[in-house]
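Below, read A as the first sequence line, B as the second, and so on, with proteins coming before strands; counting in each chain starts at 1.
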Amino acid sequence: MTTPDTNSLPSNYDFAATEAEWYPRWSERGVFTASAARAAHREPFVIVLPPPNVTAVLHMGHGLNSTVQDVLIRWRRMAGDEALWVPGTDHAGIATQNVVEKQLAAEGHTRFDLGREPFVERVEQFVAQTGGEILHQLKSLGSSADWTRTAYTFSPGLSVAVREAFVRLWERGLVYKGHRVIHWCPRCGTSLSDEEAEFTETAGKLYHIRYLLADDASQSITVATTRPETMLGDVAVAVNADDARYTPFVGRELLLPITAVRIPVIADSYTDPTFGSGAVKITPAHDANDFDVGKRHALTMPVIIDADGIVREVELAAGRVPPSLAGLDRFVARDRIVELLTAEGALVKVEPHQHNVRHCYRCDTVVEPRLSDQWFVHMQPLAEKALAVLRSGQLRILPERWEAVYVNWLEGIRDWNISRQIWWGHRIPVWYCDACDSTAERSTPIVSRDPVLFCPTCGGAVRQDEDVLDTWFSSWLWPFSTLGWPDRNSADLKAFYPGDVLVTAPEILFFWVSRMVMAGCWFLDATPFHTVYLHGTVRDMQHRKMSKSLGNGIDPLDVVRLYGADALRWTMVAGLGLGVDVMLDPDDLEKSFAPGRNFCTKLWNIGRFLLSRVGTEHVDPIGVLAPEALTAADAWILDRLDQAIADCDAALGPPRPSFRGAWTEVEKGRGLRLSEYAEAARRFVWNELADWYLESVKPRLATEGADREVARAVLAHAFDGALRLLHPMVPFITEALWQQLPQTPHPALLATAAWPKERITRVLSGDAFEYTRETVQAIRKVRAEYNVQPGTWVDAVLVASGTIATVLEAQIETIGVIARGRVTVVQVAPAGLASRIVLANGVELVVPLAGMIDVAKERQRLDGEIAQLDKQLTALDGRLANEKFTAKAPPELVDAERAKAEEWRSRLAQLTAKLKALGE
RNA sequence: GGGUCGUUAGCUCAGUUGGUUAGAGCGCCACGUUGACAUCGUGGAGGUCACAAGUUCGAGUCUUGUACGACCCA
């Protein structure tokens, strides 16, 4: 009967052993390695991994991010694309430098003790030893990235790309050196871009300070500021020219408190008369807006806070910082100045003030606006291209609402400060010749792709710019620098650029995503991907972002150890609505990850059943089965498989724009519904294949003969389809099970097996099986109501005639096996006490249950059903009686509603008759 | 201050152009170890779709407003 269980699976799924077995096998067989040559005759499908920082440790955000990418890559790989997932790391300038500086601090040193060269060597050592560990951790999640192409933003190759990009932008006049107020982190000792200086809502104070008129101490102007220490650098007070309160003051002079420095009152439209006192102190060296005012009025720009955040006379500030304040930290100086102002009677009032203060995104220090020389990229021409590809549909962003954010940012784009005053990073490819610069009028920097050793003009010594580039200046080239750019002949670049999908979190839409689009459009004239998929953030149950400092994180490696990689992936994908945050409870891993583990267990048990009952001998391919040999259940499950394939395809795809590389309006919002994909696949394998088909097929498998072969074939085929559909999501367990299938010749690995396709023609409808399902459910309901023990078989009589009777007749054995009943089909309902249920198709189910029937219970059930149906029918009749409805609603709908009303009416009559019979 | 999004079952969320009796997972209740599966099975309870008005024959779905919450930007 059953096949000897020579190949039977262990009763418990050993995920650890399976993961350890299959990842290396895939890897050794080169499954993950894409080929530029093959891409010539297959569609390439390319994703670049958002490179984690070299110093990063894997957290749930990476788990979510890489799972999404791996699902897409594995899906497309099976679908026949040349799938390439490029992994790598980011050297992360400031972040990495901070880590090493902390190490040095623990040893009692600063980077300045070491000096630049040794410090950089030290960081390199550190990166070589512990860097990139995160990539190995990604492997334990099953990530099928092409490790042969692992990249690093600071590798020699990518450094070439960085210099090339800088020089090209310089040649087009888009890179320039500017003297202006930028965001400065006094702790990191470097400038930051606008995006790197993050706003934090802060409870601060608003200080109102009185400035007396220089020639008439009886008159004054009061200004308000959140940073009173900056008054030392004030060079003017600005009022609006139309503000009658102040027009008499314009042109006169005020005395700064404490220092008695004389400053003018000026008129400038920047001042809003309705805000505060309508008069604004102007500190051009320490506020970006004030800087603009200062430039307009050609004011001096005294610098009174140095690079370390210490108050002192740095530049053009002679006589502005009293000795008692010099050398103080800016916040200490603030308190001291408030004391001095109070003593002088210049402090009018202090109010609590809620405002946003910029903080360094790497160390959270309050950012100091500071006047300095920096390198900038003029972004506007690049932004135009990035806007154009979105508008033309060559690029889409999902969820679509982010497109507005993207557009808004690009339309108001500001120049990008790309120079950093740190040591870890790409040195700016600019050299200076001090001799020429000092003698000639020429002060043009020497910008070069290659190192400059001598001054091209005088042949003398040159020195390289001390600054390094913003780490994002290398990241923004990632989609093509990793493929060999600027080498136009690179096979990878030709084969795999532009790529397809970028998967990341919305936080770095500006930092990275939009800049990659700009770089791709600018340097290669094509958007680097056609789809940006912005997934949500992993949060805890209080909706707080998971973070090290809050201690609310979950280590994905713990989850892999306890539940398996597939369980983790399942949880990530199944809960992943488009762009929706993922809530996980760090204190209850069981709650979050048990569903994934349970799903794997279920799958495993289906596999065990299959192997023990279907055996390992050859099964027929589904195509050779004669249509008439198929049972209703066979036809049904094959239908369901087709539907599952269609649902999965619709949830995931289309993989790329189907027409000329641009999304149509219809297509644009489609696809990447990972949770829908998961649900469609789960429903098929669990609710359809396991719950119904498997149960129905048991007796057929137990009896030798032609029908057993049909059942074996259909079962094997359906399970094969299920495994293929599930593989991108839960690759390990599906591969392990698939290897055991007694299937017709197949490729050696599920990872490279073909993604399933719907049958072209449906030979037989599976609808008849719905009768079985409904009947079984009705019998089960009766059994549950009367508490019939599972081992007890009940009599079940189906009252039907005509074709329905014939259809039911063919399925009585199946119904009986699943519902544990002796089923018969008759024309006339048997008399006597019984539980009677009217099925949707009008068939009456009679379960006699001799001696057990409770009349009250039966009446109660019928009463309930009648009441419910009556209510619905009344509502429906009301709708049909409404002439406006019948006149205006689509005729098909009206017809359908009429038919439904008839059906309900007849059912109601049947139920009422049953109730009456009970009462007599 | 400007903008975007959300509010559907106890919890986390689906619900695609308005049209059956609004769904899933988890949780809950009852019964159960039947030769794949108790990490499971079977049956069940549970929702005035935040609130108010409007458009419509018809609104969870469209419009406006209100409340609460979240995020982004300045």
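- Applying the side-chain hydrogen bond (donor to acceptor under 3.5 Å, both in side chains) test to S658(A) and every residue at least two apart in sequence or in another chain returns E667(A).
- Separating the C1' atom of G47(B) from that of U8(B) is a span of 7 Å, rounded to the nearest Å.
- Q872(A) comes within 4.0 angstrom of a base, heavy atoms only.
- Contact between the side-chain N/O atoms of W604(A) and the OP1/OP2 oxygens of C40(B) is not found at any separation under 4.0 Å.
- Annotation: of the two residues near RNA chain B, R780(A) and R682(A), the 5′-most nearest-nucleotide partner is R682(A).
- Nearest-nucleotide positions on RNA chain B for K781(A) and A889(A) put A889(A) closer to the 5' end.
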Verdict with reasoning, R608(A) to N605(A), per side-chain hydrogen bond (donor to acceptor under 3.5 Å, both in side chains): CA-CA 5 Å; R608(A) 284 177 61 212; N605(A) 280 308; 2.8 Å; yes

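- Between E865(A) and R861(A) there is a salt bridge, since at least one side-chain N of the basic residue sits less than 4.0 Å from a carboxylate O of the acidic one.
- Within residues 875-887 of chain A, the residues having any heavy atom under 4.0 Å from RNA chain B are, by residue number, R879(A), N882(A), K884(A), F885(A).
- Residues forming a side chain to side chain contact (heavy atoms under 4.5 Å, CB included) with K781(A) (at least two apart in sequence, or on another chain): E785(A).
- Here the separation of G23(B) from G15(B), taken at their P atoms, is 15 Å to the nearest Å.
- In this model, the phosphate group of U39(B) is not approached by any side-chain N or O of N605(A) to a distance below 4.0 Å at OP1 or OP2.
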Watson-Crick and G-U pairing of RNA chain B, under 3.5 Å, as dot-bracket with | and [ ]: (((((((..((((.....[...)))).(((((.......))))).....(((((..]....)))))))))))).

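- A salt bridge links R227(A) with E368(A): the closest approach of a Lys/Arg side-chain nitrogen to an acidic carboxylate oxygen falls below 4.0 angstrom.
- R780(A) forms a cation-pi arrangement with W692(A), by the criterion of a distance under 6.0 Å to the ring centre and an angle within 45° of the ring axis.
- One C1' atom belongs to U33(B), the other to A24(B), and the distance between them is 27 Å to the nearest Å.
- Counting atom types as modelled, R820(A) pairs a side-chain N or O with a base atom of U34(B) as donor and acceptor under 3.5 Å.
- Here G35(B) presents its C1' atom at 13 Å from CG of L694(A), a figure rounded to the nearest Å.
- Using a 4.0 Å cut-off on heavy atoms, the residues of residues 897-905 of chain A that approach RNA chain B are K900(A), W904(A), listed by number.
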Take R682(A) and N687(A) through the side-chain hydrogen bond (donor to acceptor under 3.5 Å, both in side chains) test and state the conclusion after the steps. CA-CA 7 Å; R682(A) 187 204 65 81; N687(A) 298 141; 2.9 Å; yes

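- For the pair R396(A) and W663(A), the cation-pi test (distance below 6.0 Å, angle within 45°) is passed.
- In this structure, P890(A) reaches the bases: a heavy-atom distance under 4.0 Å links it to at least one base atom across the strands shown.
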Review item, nucleotides 29-32 of chain B N/O atoms under 3.5 Å of protein N/O:
| from | atom 1 | to | atom 2 | distance (Å) |
| --- | --- | --- | --- | --- |
| C31(B) | O2' | N787(A) | OD1 | 3.3 |

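- The residue K698(A) sits close to a base: some heavy atom pair falls under 4.0 Å.
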